[in-house]
Protein chains: 2
Amino acid sequence: MATFFNSVSLVGSISDMKKYTVQDVFKGVNFSLLELEIAEKAFEEILVKKGDVLLTPGQFVPYQYFVFSGCLRTYFISETGKEYTLQFAIKDWWITDYTAFFTNEKSMFYVDCVTDAVICKISKESMEQLYKEVPQIESFFRVKMERFFGSYQKRILSDLASSAEEKYLRFVKSYPDIEKNIKNYHLASYLGITTESLSRVRHELAKK
Amino acid sequence: MATFFNSVSLVGSISDMKKYTVQDVFKGVNFSLLELEIAEKAFEEILVKKGDVLLTPGQFVPYQYFVFSGCLRTYFISETGKEYTLQFAIKDWWITDYTAFFTNEKSMFYVDCVTDAVICKISKESMEQLYKEVPQIESFFRVKMERFFGSYQKRILSDLASSAEEKYLRFVKSYPDIEKNIKNYHLASYLGITTESLSRVRHELAKK
DNA sequence: CTTGTTTATTACCATACATCAATTTTTTAG
DNA sequence: CTAAAAAATTGATGTATGGTAATAAACAAG
């Protein structure tokens, strides 16, 4: 099934190809040449394949990942063996187990690739260094986290107040580009319903 | 019922009583005397009463609130008239509609007082000014938001993966000091179940 | 203390979604 | 293109939680 990041299909750094740059990562930040150079060094661009696992439960979380292309997800497997998807990440999103990343605790989650992807990774230490050397970046991330926070808030509300059908509709409306990339069972595990229920929800909606 | 903040029971600033200080708000921050003075000015300490409403849906969100004592909550009322509680805040917590606060959009939520409380409020403009004048405070809030974020993440997971009973047990274990302050229907609206179901859950647990 | 009001409990029935199992459709690999 | 595997659908049935209503308990005001 899923193959582990360290053991397979790590195609390697292609940063010298300059397909993507740090400026793609920090859109809107006005770097000086010096700052740009500092930021460049903090990143490593990598290719990953569908099924690759970037993070497993029980590990510390040294990196966060920025997605240039493709689709990744964070998910959790309960004691009963069921999968629950916390987050998907497509182009321009960041992903990792942020709770563990921030607190230096061990992760509860898997992060894996739903499709082949081009991503870059940055370590926590590099991040903190960057905050000091390029103060704009601390603000940049603050704003990112604020938005992220907002999306979590909306989700909590949606989970509390909505039926399976409503949650499904909200998802496809909010994230049409994600739906294209994922299997039904991925989406079901995000919505907190079974694949069977998702199938029935779609069937009902199609009739309308 | 609930009385509006602007219209009633605003006991007024008692900052000259020096019961609480900005140092209580920013625990761990080492202020210079000058910085302390700057920070002091950004705050207004106020007494609020059970039922007072600090924020209503459709309003812009000029303030965030820090709780010195008492209990507040953020909640949402759906089209069907049901209440869903997003968050409670007791001593040392911050509360507002952060999504709207950050994005300068109108709130979807009410914030009201579950009990009489002593709080202080700070405006978004003051915040941003403070970030500039006391850089430690931007870091302070980043860490706060990181923790907040983590609690939201855990909640999303709990909502996805847990039964009513499990969610209840998680809540009382995580927030024993909150449970003391709130009515059953407050807790039910946070867990996303009915008061009847909460009552049954407790009944079942008592038998064990 | 008494009375009215708010909050919590209990019982009975309804429903959304889960579970299990069989089948069809789509995707993948040779 | 074909065969095997993975994913999605459909049907029959089970279960947790919701809805309604009646009652009881807790709280608040005079």
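Letters go in sequence order (proteins before strands), and every chain restarts at 1.
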So [Y] and [X], do their side chains get closer than 4.5 Å, heavy atoms only?
X        : Y        : value
B:Gln59  : B:Lys106 : no
A:Asp112 : A:Leu54  : no
A:Glu204 : A:Lys207 : yes

Provide, to the nearest angstrom, the distance between the [atom1] atom belonging to [X] and the [atom2] atom belonging to [N].
X        : N      : atom1 : atom2 : result
B:Glu165 : D:dA16 : CD    : P     : 11 Å
A:Lys207 : D:dT10 : NZ    : P     : 10 Å
A:Lys50  : D:dA6  : NZ    : P     : 11 Å
B:Arg202 : D:dT17 : CZ    : P     : 15 Å
A:Glu204 : C:dT15 : CD    : P     : 15 Å

Under 4.0 Å from any atom of DNA chain C, heavy atoms only: list the residues of residues 183-200 of chain B that qualify, in numerical order.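 B:Lys183, B:Asn184, B:Tyr185, B:Glu196, B:Ser199, B:Arg200 - these, ordered by number, are the residues of the stretch whose heavy atoms sit under 4.0 Å from the strand.
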Using a cut-off of strictly less than 4.0 Å between a heavy atom of the residue and any atom of DNA chain C, enumerate the qualifying residues of residues 79-89 of chain B by number.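 Within this stretch, nothing sits under 4.0 Å of the strand.
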Between the two ends of the helix from C:dC1-D:dG30 to C:dG30-D:dC1, what is the bend in degrees, rounded to 10 degrees, where each end axis spans five pairs?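 The angle, to the nearest 10 degrees, is 60°.
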Ion pair present between B:Lys180 and B:Asp177, side-chain N to carboxylate O less than 4.0 angstrom?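 Judged by the 4.0 Å cut-off on N to carboxylate O distance, B:Lys180 and B:Asp177 do form a salt bridge.
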Of the residues in residues 172-182 of chain B, which ones touch DNA chain D at a heavy-atom distance under 4.0 Å?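 Contacting residues: none.
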Between A:Thr74 and A:Thr96, what is the shortest heavy-atom contact and its length?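 Distance-wise, the nearest heavy atoms are OG1-O, 4.0 Å.
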Which heavy atom in A:Val67 sits nearest to a heavy atom in A:Ile90, and how many Å separate them?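 Shortest heavy-atom separation between A:Val67 and A:Ile90 comes out as CB-O, 3.5 Å.
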Residue list, side chain to side chain contact (heavy atoms under 4.5 Å, CB included) with A:Arg202, at least two apart or on another chain: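 Expected list: A:Tyr168, A:Glu179, A:Asn184, A:Leu187, A:Leu198.
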Residues B:Phe68, B:Cys120; criterion side chain to side chain contact (heavy atoms under 4.5 Å, CB included); working and verdict: CA-CA 8 Å; B:Phe68 290 118; B:Cys120 68; 3.7 Å; yes
Over 60° means perpendicular and under 30° means parallel, so tell me whether B:Tyr98 and B:Phe101 are parallel, tilted or perpendicular.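 It falls in the perpendicular class, over 60°.
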Which word best sums up how the rings of B:Trp94 and B:Phe66 line up, parallel for under 30°, tilted for 30 to 60°, or perpendicular for over 60°?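 B:Trp94 and B:Phe66: perpendicular rings.
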Which residue, B:Tyr20, B:Tyr63, B:Phe26, forms the ring-ring contact (aromatic ring centres under 6.0 Å, His included) with B:Phe43?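 Considering B:Tyr20, B:Tyr63, B:Phe26, a ring-ring contact (aromatic ring centres under 6.0 Å, His included) with B:Phe43 is found only for B:Phe26.
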Validation: residues 149-162 of chain B side-chain donor-acceptor distances under 3.5 Å, sequence neighbours left out:
residue: B:Ser151; atom: OG; partner: B:Phe148; partner atom: O; Å: 2.7
residue: B:Gln153; atom: OE1; partner: A:Thr99; partner atom: OG1; Å: 3.2
residue: B:Gln153; atom: NE2; partner: A:Asp97; partner atom: OD1; Å: 3.2
residue: B:Gln153; atom: NE2; partner: A:Thr99; partner atom: OG1; Å: 3.1
residue: B:Arg155; atom: NH1; partner: B:Leu86; partner atom: O; Å: 2.5
residue: B:Arg155; atom: NH2; partner: B:Thr85; partner atom: O; Å: 3.1
residue: B:Arg155; atom: NH2; partner: B:Tyr190; partner atom: O; Å: 2.8
residue: B:Ser158; atom: OG; partner: B:Arg170; partner atom: NE; Å: 3.2
residue: B:Ser162; atom: OG; partner: B:Ser158; partner atom: O; Å: 3.0

Check whether any side-chain nitrogen or oxygen of B:Lys167 sits under 4.0 Å from OP1 or OP2 of D:dA16, and answer yes or no.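 So the side-chain polar atoms of B:Lys167 never come under 4.0 Å of the phosphate oxygens OP1 or OP2 of D:dA16.
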Ignoring backbone atoms, establish whether B:His203 has a side-chain N or O less than 4.0 Å from OP1 or OP2 of C:dT9.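 So the side-chain polar atoms of B:His203 never come under 4.0 Å of the phosphate oxygens OP1 or OP2 of C:dT9.
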Between A:Tyr65 and A:Lys121, is there a cation-pi geometry (under 6.0 Å to ring centre, at most 45° from the normal)?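 No, cation not above the ring by the 6.0 Å, 45° rule.
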